[in-house]
Number of protein chains: 2
Amino acid sequence: MLGSFIASRGLKHSRQRDAIVETFFEMGGHVPIEELVARVRQRDGHISVATVYRTMKLLAECGLALPRQFGDGQTRYEPASVDAHHHDHLICTGCGAIVEFENEDIEALQLRVARSHGFEVESHKLELYGRCAGCRAGAGAEGSP
Amino acid sequence: MLGSFIASRGLKHSRQRDAIVETFFEMGGHVPIEELVARVRQRDGHISVATVYRTMKLLAECGLALPRQFGDGQTRYEPASVDAHHHDHLICTGCGAIVEFENEDIEALQLRVARSHGFEVESHKLELYGRCAGCRAGAGAEGSP
DNA sequence: GTGATATTGAGAATCACAATCAACATGACC
DNA sequence: GGTCATGTTGATTGTGATTCTCAATATCAC
Ligand SMILES: [Mn+2]
Ligand SMILES: [Mn+2]
Ligand SMILES: [Zn+2]
Ligand SMILES: [Zn+2]
């Protein structure tokens, strides 16, 4: 997948690229660049942040990673499979947990609302912010400031 | 409203504050700081951007303005009335038009989805990106790059 | 008016990220 | 295996929005 993308564009392999990509898929979830840099470095000495940014942008271009932009001012990437469904996110304001969900009814209503205003939807962003079960149970769970 | 807020916190009035607030409400819509600064200046000589940022933050704190953060990396503010309903946004990727909508069914579904994952929703963000009627009609309308 | 206190403005600082560019690594080709 | 054109890296600088700093200034209660 990445290999064919690299080949088809006259790009080259590199030790850094491999380390970053492998680390990213090992981590899973919704990974901020900063964390990815830390992990990659503890696995392969020093790799510059610039290279991590560049590589993640590459992964996004070939459809293997999705950039996500929640409220905290830093881009996160999550692994994407070609056959994976679109999904949206629940974000816990207490512990920062991110839960994914799919809801066809909401998607359908979005299209309908947009159409009723003359819009043709290209993409959308739906984020629900609140407290997860754990954070509501434990008076104030770890992770909260 | 602003007056009582200022009084209740030991704040003071100022020529700049008044100019910014009045200009903001005159403009209406979803105003980027940069535009607000330009308008304010053509009305009251030179007012520093720092003051505009500070004043808009004040307005937000006392509930008279809502900060909005669409995809373009700059914060916009929109006027908020105490009795105004929550609404979400349709954003045209062609001309940048921003259309507001309310949809109770979507809101209800959001709550239901959240609850089914143990979350208690505090806020949410729903943005639909696409092409407005005008931009789809005219091959490529003004405003597009 | 006076004085304590809040506000302003200019510029520096921050923060995430993009751009530069010389040194270096890769791999197609011999 | 060696060459070489070309892609990649990393240190550093640039950028754009926003915040911070702090001396100068304006406000307002008394
Ligand atoms: Mn996700
Ligand atoms: Mn709005
Ligand atoms: Zn939580
Ligand atoms: Zn449009």
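Heavy atoms only: backbone and side chains are in, while hydrogens, waters and symmetry mates are out. Sequence lines set the chain letters: A, B, ... in the order given, protein chains first and strands last, and positions in each chain run from 1.
- A side-chain contact (heavy atoms from CB on, under 4.5 Å) with A:L126 is found for one member of A:H89, A:E107, A:Q110, A:H87 and no other, namely A:Q110.
- Rounded to whole Å, atom P of C:dA18 lies 3 Å from atom NZ of A:K57.
- The separation between B:Q74 atom CD and D:dT19 atom C1' is 17 Å, rounded to whole Å.
- Considering only heavy atoms from C-beta on, A:L59 comes within 4.5 Å of A:V21 through its side chain.
- Residues A:F101 and A:L128 form a side-chain contact, since some pair of their non-hydrogen atoms from C-beta on lies under 4.5 Å apart.
- Residue B:Y53 places its side chain closer to D:dT19 than to any other of C:dC17, C:dT8, D:dT19.
- Considering only heavy atoms from C-beta on, B:Y53 stays 4.5 Å or farther from B:T75 through its side chain.
- If you take CZ of B:R41 and P of C:dT8, they are 14 Å apart, rounded to a whole angstrom.
- Looking at heavy atoms from C-beta onward, B:R9 lies in side-chain contact with B:E61 at the 4.5 angstrom threshold.
- A salt bridge links A:R43 with A:E22: the closest approach of a Lys/Arg side-chain nitrogen to an acidic carboxylate oxygen falls below 4.0 angstrom.
- Residue B:T75 has no polar side-chain atom (N or O) positioned under 4.0 Å from OP1 or OP2 of D:dA17.
- A salt bridge links B:E127 with B:K125: the closest approach of a Lys/Arg side-chain nitrogen to an acidic carboxylate oxygen falls below 4.0 angstrom.
- Atom CZ of A:R76 and atom C1' of C:dC17 are 16 Å apart (whole Å).
- Below 30°, between 30° and 60°, or above 60°: for B:H124 and B:H86 the angle between ring planes is above 60°, a perpendicular geometry.
- The CD1-C1' distance, from B:I20 to C:dG9, rounds to 12 Å in whole Å.
- One atom, CD1 of B:I33, and another, C1' of D:dT19, lie 12 Å apart when rounded to the nearest Å.
- Using bins of under 30°, 30° to 60° and over 60° for the plane-to-plane angle, the ring pair A:H30/A:F70 lands in the tilted bin.
- For the pair B:F5 CZ and C:dA6 P, the interatomic distance rounds to 14 Å; values are reported in whole Å.
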Report summary line: Heavy-atom contacts, protein to nucleotides 20-30 of chain C, under 4.0 Å, summarised as B (base), S (sugar-phosphate only) or - (none) per nt, yield B-----BS---

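- Straight-line distance from the CG atom of B:D18 to the C1' atom of D:dC28: 15 Å, rounded to whole Å.
- Of the residues in residues 63-73 of chain B, not one places a heavy atom less than 4.0 Å from an atom of DNA chain C.
- Between B:H46 and C:dT8 there is no side-chain polar atom (N or O) within less than 4.0 angstrom of OP1 or OP2.
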